[in-house]
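Contents: one structure, followed by commentary.
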Amino acid sequence: MTDPQTLEFARGARAVIAYPDLGRRGSVDADARLEEARGLALAIGIQVCAAHAFRIRTARPATLFGGGQVEIIAHSLEDQKAELLIVDGSLSAIQQRNLEERLKVKVIDRTGLILEIFGERAATAEGRLQVELAHLDYQAGRLVRSWTHLERQRGGFGFLGGPGETQIEADRRMIRDRMAKLRRELEQVKRTRGLHRERRQKAPWPVIALVGYTNAGKSTLFNRLTNAGVMAEDLLFATLDPTMRAIRLDGVEKVILSDTVGFVSDLPTELVAAFRATLEEVLSADLIIHVRDMSHPEADMQAQSVETILADLGMELDPVLAGEGLAVPLIEAWNKWDVLDEETRDRLIATAPRDRTVCPMSALTGEGVGDLLRAASQALVIGHRVHDVTLPRHDGQRIAWLHQHGEVLESREQGDDMALLVRLSDKDWGRFQAL
């Protein structure tokens, strides 16, 4: 079973992937799901030798797959000389153990595989805490003897000392104690992030969060806008820890741009819970830019997965950009436009939803990025009021302040004064009056 540390042995290991197609409505196409599973395996250096999709009418409590399907998997493992089976679905602890006993190889499911990727990619102390908590939560239901290295010495000795704690009791206690410690540390992280957010809110700088399915091109777009040098590769979960940089937009003094972890369908609940401190950066954003890979055959399903996770986090989105209520404005950045032919582009534009702000673009070539920035600027200034301001012409400091913090729609000289028509947020208008 999955080791509580990381699958060190798995790098370079030969593996077979088995996707259990349960025939759920709206499920991803089997070929696309297998291709994504290959990408997940590649992300931690696993060599995929074969991949199979199995239609399952009734999930078997013991093995998930039917007897004949298990035989096919066994033959594939033997033919490919594979030492690892990746089940691209969720396995119970009993199903995982039974499959390992039947197939004589290590078995991990989709949750375990994603946890391994996150464990390898976490670069910050916070990221490592979140991954370890998620891993322990996952392990709590499938205890293994690999936890004996944490075991404390038993009381007594010989026959008189008794057996002490059983192994499973000791494992449960150690996992429970460790999880409690990690939650306390993450609570401190949450408080620290809260303080940082409060500071940002005191400063009038809006936050734009880039979200999207993993490998949609968020980090490439982030690098283009900020020159930050964030890792951006054609690899699932290439970046894990969130990164923030300041950029300038028309009509806005400064904007904080946040590059977040990529989402994936069937994201393990353990990860969603553990990464809540990080994802709260998304929840506090003033604008969401949903980066979509429009060259992917399952682009619509990926978008649905992202919006489902955001909804699960309690985020109410406003794709119309009405700027009313508590909903967060959303812009769809249709990325990888450069790899689409003219016919596909025309078809996508014709079917684009009329109630959404859509910006076709290429983060790689820069095509359409200017339109995206203009749409972002417009979304952030929705709700700003237009003020008629008259200032002495020699008051260069306050005139410059209005140009820097607002959008000057018109300026004209009136004798020794300068009359300005300027659009400002209520917060900036209050700050201007206090100057």
Side-chain angles (χ1 to χ4, degrees), residues 1-8 10 44 90-97 106-156 161-198 237 240-242 260-261 263-264 266-284 309-310 312-315:
M1 298 187 185
T2 310
D3 189 276
Q5 307 305 310
T6 55
L7 290 176
E8 294 293 345
I44 53 173
S90 180
L91 289 176
S92 69
I94 293 174
Q95 289 169 339
Q96 185 178 3
R97 183 190 65 200
K106 190 172 184 68
V107 177
I108 61 173
D109 64 2
R110 183 180 177 86
T111 298
L113 181 59
I114 293 175
L115 285 170
E116 296 303 335
I117 298 170
F118 273 50
E120 185 173 285
R121 296 285 161 72
T124 65
E126 175 192 352
R128 288 190 290 270
L129 285 175
Q130 292 174 128
V131 169
E132 186 178 356
L133 178 59
H135 217 146
L136 290 175
D137 191 15
Y138 175 72
Q139 284 290 333
R142 45 192 84 211
L143 296 174
V144 291
R145 295 196 63 86
S146 55
W147 281 93
T148 52
H149 67 288
L150 297 178
E151 185 178 7
R152 66 183 177 190
Q153 189 173 356
R154 303 278 194 256
E165 296 173 291
T166 64
Q167 181 63 51
I168 195 168
E169 288 170 346
D171 285 348
R172 284 198 182 111
R173 173 182 50 74
M174 285 182 282
I175 290 178
R176 187 170 57 247
D177 292 348
R178 179 63 179 161
M179 288 177 69
K181 182 175 184 294
L182 289 172
R183 287 195 176 102
R184 288 193 298 271
E185 293 181 19
L186 281 172
E187 190 59 34
Q188 180 59 46
V189 169
K190 183 178 179 180
R191 285 194 293 269
T192 302
R193 281 189 176 275
L195 291 172
H196 291 168
R197 278 195 295 274
E198 284 180 15
F237 297 118
L240 176 57
D241 295 290
T260 62
V261 61
F263 296 158
V264 69
D266 296 336
L267 189 68
T269 55
E270 295 92 346
L271 274 179
V272 174
F275 275 76
R276 196 169 188 90
T278 298
L279 294 173
E280 280 178 354
E281 294 295 342
V282 178
L283 297 178
S284 65
I309 292 172
L310 291 176
D312 289 344
L313 290 169
M315 174 167 284

Handout entry: Those residues that, when tested against Glu185, pass salt bridge (charged side-chain N to carboxylate O under 4.0 Å, His left out) (two or more places apart)
Key = Lys181

Exercise for the section: State the CD-CE distance between Glu132 and Met179, to the nearest 0.5 angstrom. Expected result: 10.0 Å

Handout entry: Reported CG-to-CG distance for the pair Leu113 and Asp109, which is rounded to 0.5 angstrom
Key = 8.5 Å

Fill in the blank from the handout: To the nearest 0.5 Å, atom CZ of Arg183 lies from atom CD of Glu187 at 11.0 Å

Completion exercise
For Gln96 and Ile108, the nearest pair of non-hydrogen atoms, with its separation, is NE2-CA, 4.3 Å

Practice task
Calculate, to the nearest 0.5 Å, the distance between atoms CG and NE2 belonging to Leu133 and His135 respectively.
Solution key: 11.5 Å

Exercise for the section: Nearest 0.5 Å please: distance from the OH atom of Tyr138 over to the CD1 atom of Ile114. Expected result: 10.5 Å

Exercise for the section: Measure the CG-CG distance between Leu115 and Asp137 for me, rounded to the nearest 0.5 Å. Expected result: 9.0 Å

